[in-house]
Amino acid sequence: MSGKVAVVTGAARGLGRAFTEALLKRGDKVCFCDVDVQQGKQTENELKKNFGDDNVQFLPCDVRKDEEFKDFFNRVIQKYNTVDIMVNNAGIMNENQWRTTIDINLTAVIHGSLLAMNHMKNKSTGGGLIVNVSSLAGVMPVSFCPAYTASKHGVIAFSRSWALHPELKKNRIKITCLCPSFADTDIIKGTDDKVHGPKLARMVMKQYGLMVTDRVTEAFLRVLDDADNNGKAMMVTPKIMDYHTFHDPKL
Ligand SMILES: NC(=O)c1ccc[n+]([C@@H]2O[C@H](COP(=O)([O-])OP(=O)(O)OC[C@H]3O[C@@H](n4cnc5c(N)ncnc54)[C@H](O)[C@@H]3O)[C@@H](O)[C@H]2O)c1
Ligand SMILES: CCCCC[C@H](O)/C=C/C=C\C/C=C\C/C=C\CCCC(=O)O
């Protein structure tokens with residue numbers, strides 16, 4: 001039994017919900033947020049039935065709103081006294097709303113990581129893990145979703161940069177990324193709206209295959225269990241479950 005306290009953003013459904021369930025199954029306590037309050041409450045009820053009232057809590061929060069996000073994070077600390085694992089998962093894919101895409105997929109991930117680091121370095125027990133949900137689109141170009149791809153590259157660049165920082169090492173805080181290819185969640189349903197070629201998106205998805213969320217959860221748990229995950233990006237596709245090799249210039 002793990003017995004840690006975890007936060008998962010955007011967990012009313014999809015991968016966030018799957019990660020929340022996986023954490024609860026390990027014996028962690030989870031506080032999750034979402035902008036979709038109705039779905040969040042429904043998920044909370046279902047999870048409370050299976051894992052106990054005290055172990056899981058939903059709080060409404062739009063991670064784009066700085067004060068709301070800060071308030072959400074503080075309420076988790078008030079309830080559980082600590083945060084050991086922060087999963088910045090909330091994300092959208094909508095090239096027509098590229099600014100909002102950057103706000104949610106990158107800016108809010110930066111904010112969530114900073115909130116977690118600030119708490120983790122000040123807590124008496126010290127240490128913690130931040131898992132930032134990027135995408136395979138974070139390590140390669142994808143022509144049908146350029147803004148989404150930029151946001152996911154940004155998540156990896158931010159996480160890898162902090163991972164090198166001596167302050168994190170000193171405080172035993174690790175920061176790592178998860179990079180799934182296509183998984184069967186509602187985000188996929190938005191594909192038809194894209195301005196950059198819905199047909200191409202469908203074709204690529206058909207070619208690369210759609211994973212069940214359980215496969216992504218397996219990769220998520222592998223990252224959690226790996227003591228050597230700092231600054232890494234775990235790719236998960238129908239065929240691959242391995243860290244990406246970065247070719248940084250040798251200066
Ligand atoms: N499903 C895939 O193919 C896939 C692949 C790679 C990466 N991802 C990433 O995984 C993460 C989860 O996506 P998913 O596939 O579960 O999609 P999803 O659409 O099923 O879930 C996303 C959740 O985030 C919530 N959310 C959106 N905006 C929010 C905001 N401003 N504040 C709080 N919550 C918000 C949504 O309400 C929803 O519950 C995203 O970051 C996504 O980019 C998904
Ligand atoms: C389209 C639905 C949203 C899925 C979200 C997910 O994070 C997106 C991942 C996108 C790409 C990763 C998987 C495979 C891409 C492989 C090739 C794409 C290159 C082809 C091209 O764009 O021309």
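None of the values given here were measured: they were computed from a predicted structure. Counting starts at 1 for both ligands and their atoms, following the listed order.
When heavy-atom distances to ligand 1 are checked against a 4.0 Å cut-off, C61 comes that close only through its backbone atoms N, CA, C and O. Only side-chain heavy atoms of I104 come within less than 4.0 Å of ligand 1; its backbone N, CA, C and O stay farther off. Within the 4.0 Å heavy-atom criterion, the part of S181 lying near ligand 1 is the backbone and not the side chain. By the criterion of a heavy-atom distance under 4.0 Å, the backbone of S134, and not its side chain, is placed next to ligand 1. The side chain of I188, and not its backbone, has at least one atom closer than 4.0 Å to an atom of ligand 1 (non-hydrogen atoms only; side chain from C-beta on).
Checking only distances, D34 does come within under 3.5 Å of ligand 1, N or O to N or O. On a distance-only criterion, L136 and ligand 1 share no N/O pair closer than 3.5 Å. Considering backbone and side-chain atoms together, F182 places no N or O closer than 3.5 Å to any N or O of ligand 1. An N or O contact shorter than 3.5 Å links T185 to ligand 1 by distance. Checking only distances, S135 never comes within under 3.5 Å of ligand 1, N or O to N or O.
Residue contact annotation: M93 has no non-hydrogen atom under 4.0 Å from ligand 1. Not a single heavy atom of A18 sits under 4.0 Å from any atom of ligand 1.
Atoms of ligand 1 lying under 4.0 Å from any heavy atom of A90, numbered from 1 in the order shown and given with element: 24 (O), 34 (N), 35 (C), 41 (O).
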